[in-house]
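Working notes, beginning with the structure itself.
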Amino acid sequence: MVTKMATTPNVNLSKSYLGTAGELRAASELSLRGYVAHIPTVDEGADLWAVDHKSGTGRRLQIKTAAQPDFSKLTGFINFQISIEINLLKDPNIHIVIYLYVFGEWQCYVLTSTQLMGLRGKSTSSNIPLVLHCDGDVTVGRKKGKSINSYRDAWNTDFPPLQNTSAMSYAT
């Protein structure tokens, strides 16, 4: 017996697809760098684990993906919003990877939870607004918030290509 799937768009389902796409993008980047990207069967504060099997070390990553801008919050600015549980933001061992889909192009920001906490100031909300400025700068919080542009594509900071396992040498 074949069951017909509902064809009505489901916003929550679309967000699940988007979130999975971000996780797989990050897993791909880690794999190219020589890390084994583990996707846990249970999400207890990490969407991915990046493991260096030679050293036996691993790092937890929380991936956030946003593609639907909100134009209603700050007139003249493009706003995105991500949400991260406060306990994850307070964990210094979590790396945050943010993907924004802007004008048909993916932008990626790689930073630690400690760095993100420092950028957002005294806010205690789990909702983190991101503001895209006309010059391409992205700030955390309000339009005069702190820039995250120094973290754009900053994979090498905490996830440099590993010797003898990285595929990055083939791409150069």
Let me check something: do [X] and [Y] share a hydrophobic cluster, defined by ILVMFWY side-chain heavy atoms less than 4.5 Å apart, either directly or through other members?
X    : Y   : value
L162 : V97 : yes
W49  : I84 : no
L119 : L88 : yes
V36  : L24 : no

Please find the pair of heavy atoms, one from [X] and one from [Y], that lie closest to each other, and give the distance.
X   : Y    : answer
S55 : T57  : OG-OG1, 2.8 Å
A46 : P40  : O-CG, 3.3 Å
A26 : I63  : CB-CD1, 3.7 Å
A67 : Y101 : CB-CB, 3.7 Å

Q: Assess whether side chain to side chain contact (heavy atoms under 4.5 Å, CB included) is satisfied between K54 and N164, documenting all intermediate values.
A: CA-CA 10 Å; K54 289 191 174 159; N164 301 321; 3.9 Å; yes
Measuring only between side-chain heavy atoms, which start at C-beta, is [X] closer than 4.5 Å to [Y]?
X    : Y    : value
Y109 : I148 : yes
Q62  : D47  : yes
R33  : N156 : yes
F80  : I98  : no

Checking the side chain of [X] only, and the main-chain atoms of [Y] only, is there a donor and an acceptor separated by less than 3.5 Å?
X    : Y   : answer
D52  : G58 : no
K64  : S83 : yes
S166 : L32 : yes

Straight-line distance of [X] [atom1] to [Y] [atom2], nearest 0.5 Å:
X    : Y    : atom1 : atom2 : answer
W155 : L30  : CH2   : CG    : 4.5 Å
N149 : T139 : CG    : OG1   : 9.0 Å
L132 : D137 : CG    : CG    : 8.5 Å
R120 : L130 : CZ    : CG    : 10.0 Å
E23  : T65  : CD    : OG1   : 7.0 Å
I96  : L61  : CD1   : CG    : 8.5 Å

Q: Assign the ring pair Y35 / F159 to parallel, tilted or perpendicular, where the plane angle (0 to 90°) is split at 30° and 60°.
A: perpendicular
Q. Do the rings of F77 and H133 sit parallel, tilted or perpendicular, given the 30° and 60° boundaries?
A. perpendicular
Q. Going through the distances and angles, do L116 and I128 end up as a side chain to side chain contact (heavy atoms under 4.5 Å, CB included)?
A. CA-CA 10 Å; L116 184 56; I128 302 169; 3.8 Å; yes
Q.
Taking E29 first and then R25, would you say they form a salt bridge - that is, a charged N and a carboxylate O separated by under 4.0 Å?
A. no
Q) Do F103 and I78 pass the side chain to side chain contact (heavy atoms under 4.5 Å, CB included) test, and can you show the C-alpha distance, the side-chain angles, and the key distance before you say yes or no? A) CA-CA 11 Å; F103 303 121; I78 298 172; 3.3 Å; yes
Q.
For E85, I'd like to know if atom CD has over 12 heavy atoms of other residues, nucleotides or ligands within 6.0 Å.
A. no
**Q.** Matching residue for H95 among T112, D158, T114 - test: side-chain hydrogen bond (donor to acceptor under 3.5 Å, both in side chains)
**A.** D158
(Q) Please determine whether salt bridge (Lys or Arg N to Asp or Glu O under 4.0 Å) holds for the pair R60 and D91, giving the CA-CA distance in whole Å, both sets of side-chain angles, and the decisive distance to 0.1 Å. (A) CA-CA 10 Å; R60 297 184 309 166; D91 186 335; 2.2 Å; yes
